[in-house]
Amino acid sequence: MSLKKTLLAVAFASGAILLLDGCSSNYQLTPAAQNVHFIDTKPADNCQFLGSVEGRRNTFFSGNKTHSELMKDAAADLLNKAAALGGNTIYQAQDSSMKYVSEIAPLDAVMSGDVYKCPAK
């Protein structure tokens with residue numbers, strides 16, 4: 001195979017991978033993460049602070065997703081990480097990412113929050 005054909009094949013395969021990855025999401029909630037919730041009021045005194053966590057969604061393989069769509073993926077990543085710590089509550093969740101280099105070049109989406117384990121109600 002000639003060098004030109006090899007380069008064309010590599011370019012085609014790379015484009016296909018980028019397109020497929022942009023259409024899919026690896027940011028599915030784990031079963032434990034489905035029990036984690038966001039709150040906007042200070043957790044009760046009987047809640048144990050477990051740490052601060054960041055959820056991220058890289059824009060490199062995201063296709064044509066908007067910042068809002070990227071933030072949904074970052075929120076799912078944050079929920080998964082909170083559950084992995086043993087938490088069930090995220091307090092003070094916020095968009096910690098810079099939004100855009102320009103209108104056509106969004107940066108990575110980052111959502112951060114404090115993770116707590118609170119007693120079941």
Side-chain angles (χ1 to χ4, degrees):
M1 184 182 277
S2 72
L3 180 60
K4 188 175 182 180
K5 286 183 180 180
T6 302
L7 290 175
L8 184 60
V10 169
F12 178 79
S14 298
I17 289 169
L18 288 173
L19 179 64
L20 290 173
D21 191 61
C23 296
S24 67
S25 176
N26 295 328
Y27 295 89
Q28 300 297 321
L29 291 180
T30 63
Q34 293 176 13
N35 297 316
V36 178
H37 61 278
F38 293 98
I39 62 170
D40 57 3
T41 57
K42 188 171 180 358
D45 290 337
N46 61 347
C47 293
Q48 176 188 5
F49 176 70
L50 301 177
S52 296
V53 177
E54 284 186 348
R56 293 183 170 269
R57 174 58 159 131
N58 186 298
T59 59
F60 185 72
F61 292 113
S62 66
N64 292 328
K65 287 191 172 188
T66 65
H67 186 73
S68 295
E69 292 169 325
L70 293 171
M71 284 307 298
K72 288 178 186 176
D73 289 344
D77 189 39
L78 177 62
L79 289 165
N80 287 336
K81 288 178 178 177
L85 280 178
N88 58 7
T89 304
I90 299 172
Y91 174 58
Q92 293 184 330
Q94 58 189 353
D95 181 348
S96 300
S97 53
M98 294 175 46
K99 299 250 193 302
Y100 301 95
V101 171
S102 71
E103 285 298 316
I104 59 171
L107 294 173
D108 293 355
V110 180
M111 180 176 271
S112 60
D114 294 334
V115 179
Y116 288 82
K117 181 174 179 76
C118 297
K121 294 180 181 180

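Below, each value reflects all heavy atoms present in this structure, side chains not excepted, and no hydrogens, waters or symmetry copies. We number each residue from 1, following the sequence as shown.
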Least distance between heavy atoms, Asp77 atom then Glu54 atom: OD2-O, 4.3 Å
For Asn46 and Pro119 the tightest heavy-atom approach is ND2-CG, 3.3 Å
Gap between atom [atom2] of [Y] and atom [atom1] of [X] - 0.5 Å precision:
X	Y	atom1	atom2	result
Cys118	Ile39	SG	CD1	6.0 Å
Ile90	Lys81	CD1	NZ	11.0 Å
Asp40	Gln92	CG	CD	10.0 Å
Gln94	Phe38	CD	CZ	12.0 Å
Met111	Asp73	CE	CG	11.0 Å

Suppose we screen for side-chain hydrogen bond (donor to acceptor under 3.5 Å, both in side chains). Which residues come up paired with Gln48, at least two apart in sequence or across chains? none
side-chain hydrogen bond (donor to acceptor under 3.5 Å, both in side chains) partners of Thr89, counting only residues at least two apart: none
[X] versus [Y]: any side-chain heavy-atom pair under 4.5 Å?
X	Y	answer
Thr30	Asn80	yes
Val115	Tyr91	no
Val110	Asp95	no

Judged by atom type as modelled, is there a donor-acceptor pair below 3.5 Å linking the side chain of His37 to the main-chain atoms of Asn88? yes
Contacts of type ring-ring contact (aromatic ring centres under 6.0 Å, His included), residue Phe49, not counting sequence neighbours: Tyr116
Shared hydrophobic cluster, Val36 / Leu50 (ILVMFWY, side-chain heavy atoms < 4.5 Å): yes
